[in-house]
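Only one structure is covered here, and it is reproduced in the block below.
Remember, it's 1-based here, ligands and their atoms both numbered in the order they're listed. Starting from 1, each residue takes its place in the sequence as its number.
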Amino acid sequence: MRNSRFPPLSKSWEDVESEMKAAHRDDMPWCDARNLKPAYFAGEDLLAVANNAYNMYLAENAIFSRTAYPSLGQYENDVVDMMLALLSAPEGAAGSVSGGGTESIIMSVKTAREWARENRPTAGTPEIIVPHTAHPAFDKAGHMLGLKVVRMAKSPGWRADVAAMAAAVGDNTIMIMGSAPPYPYGETDPIEDIAAIARAHGLWMHVDGCIGGCILPFMRRLGEPVPEFDFAVPGVMSMSVDLHKFGYANKGISLVLLHDKALEAHQHTSFGDWPAGVYSTANITGSRSGGPLASAWAVMNYLGEEGYLRIFSAQRDIKRRLMAGVEEIDGLEIIARPHALHFYFTARDFDIFAVETGMAAKGWSATRAEQPDSIMLWVNMSHQEEVENYLRDLRAVVADVRAGRIEAATDSVVYVT
Ligand SMILES: Cc1ncc(COP(=O)(O)O)c(C=O)c1O
């Protein structure tokens, strides 16, 4: 229902609050145990830390973190340095905070474009080569920055098509990238092979670690077979890393990391001829709350490496139990070798969307995906006690689908906001 009328009279907070509670009632609880859509819940204690820190800095404007609020400036230095160290960055690397993965990607592409104007000038429209699975934020960046995005058509073996990417390099190519891991399929791209193409042609190499930047270093320490993906790979010039995903900060914080501080000159926008003074920012937004940065700093200090290992280990075990159970069901098949905490499964000889419909009727909320038609499960700590219940219902629903007792409610797959 639309109600765009500006209220002519004031109301009490109690009235406003009760209206909001009523409106909120029909929303899906974001970390309900039966919600297997993307959510980042790793314990009530962690949530309280993130929220308390967020509330402490909610009203501070982080655009003044270098002047009025030095504590925020220090938090920014600290979270950047912590992540650079975790991601094998060399001496002299740098980074800055942005409002989310999309903004980090747009700024990485902008930095690459400015760098290329000096280091790899093109006669035509500059091009960036991305795998089939790259996040649409790269297309958004291309659109906003006047670049052509050359997206590969396939993901052989569920990873980037390295041969096709190499073949796509031309005189106008300035940048190439891979994801660690991408949202689709969840398996990390062959970053070393993509970086080799970048080195051979003098291109900017970006790694989209929005999902994996925080989680993969710890998964590796837990013994998971994570391929090389970070600044340890020669040629990687920038990374996007979301702290509001597996860093467990509140929404609104990601990092743009650069392998050399000198590259920041290509990232910053500075404007001097303004009556209010010099205006210089690293990213797109101007005013923004200090809350997300404060929550990231608090959570990273609260958990430490020990805490991240503990929560990733527990969630990795939930994912393993779910994947093993899915694989035991005749006709279901896991896609790829997922490195983070989300995975996809498809059906060999029946309609997987009918399975999704049947599971939804039993109260399980999951995400549909395509190429191939599949269901994505995104694991978090709230699922710990639900694995057996989910698998029991899945077995029953698959039997019903095979027997023709359930059909897909719709065949659409939509990913919009
Ligand atoms: C691999 C990857 N990159 C980038 C993004 C964009 O992040 P955001 O939604 O924070 O803008 C996402 C979001 O899911 C993602 O999965």
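Remark: Arg395 does not engage Glu328 in a salt bridge, criterion side-chain N to carboxylate O under 4.0 Å. At a threshold of 4.0 Å, the pair Arg320-Glu224 counts as salt-bridged, since one of the basic side-chain nitrogens sits closer than that to a carboxylate oxygen. Using a 4.0 Å cut-off between charged nitrogen and carboxylate oxygen, Glu17 and Lys21 count as a salt-bridge pair.
When the side chain to side chain contact (heavy atoms under 4.5 Å, CB included) test is applied to Arg321, the partners found at least two apart in sequence or on another chain are Val387, Glu388.
Here's the thing with Glu103: none of its N/O atoms is less than 3.5 angstrom from an N/O atom of ligand 1. For ligand 1, the polar-atom distance check against Gly101 finds a nitrogen or oxygen pair separated by under 3.5 Å. Geometrically, ligand 1 and Tyr183 share no nitrogen or oxygen pair separated by less than 3.5 Å.
Listed by number with element, the atoms of ligand 1 under 4.0 angstrom from any heavy atom of Asp242 are 7 (O), 10 (O). Of all atoms in ligand 1, numbered sequentially from 1 with element shown, those under 4.0 Å from a heavy atom of Cys210 are 2 (C), 3 (N), 4 (C).
When non-hydrogen atoms are compared, ligand 1 lies under 4.0 Å from the backbone of Thr102 as well as from its side chain.
Note on ligand 1: His244 sits in its first shell, one or more heavy atoms being nearer than 4.0 Å. Using a 4.0 angstrom heavy-atom cutoff, Lys245 counts as in contact with ligand 1.
Figure legend: Arg368 and Phe353 shown as a cation-pi pair, the cationic atom lying under 6.0 angstrom from the six-membered ring centre and within 45 degrees of its axis.
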Which donor-acceptor pairs under 3.5 Å do side chains of residues 142-154 form with protein atoms, sequence neighbours excluded?
residue	atom	partner	partner atom	Å
Arg151	NH1	His132	O	3.0
Arg151	NH1	Ala134	O	2.8
Arg151	NH2	Ala134	O	3.2
Arg151	NH2	Asp139	OD1	2.4

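Between the choices Ile253, Ile211, Asp208, the shortest heavy-atom distance to atom 4 (C) of ligand 1 belongs to Asp208.
Just one of Ser96, Ser254, Ser240 meets the side-chain hydrogen bond (donor to acceptor under 3.5 Å, both in side chains) condition when paired with Ser104; it is Ser254.
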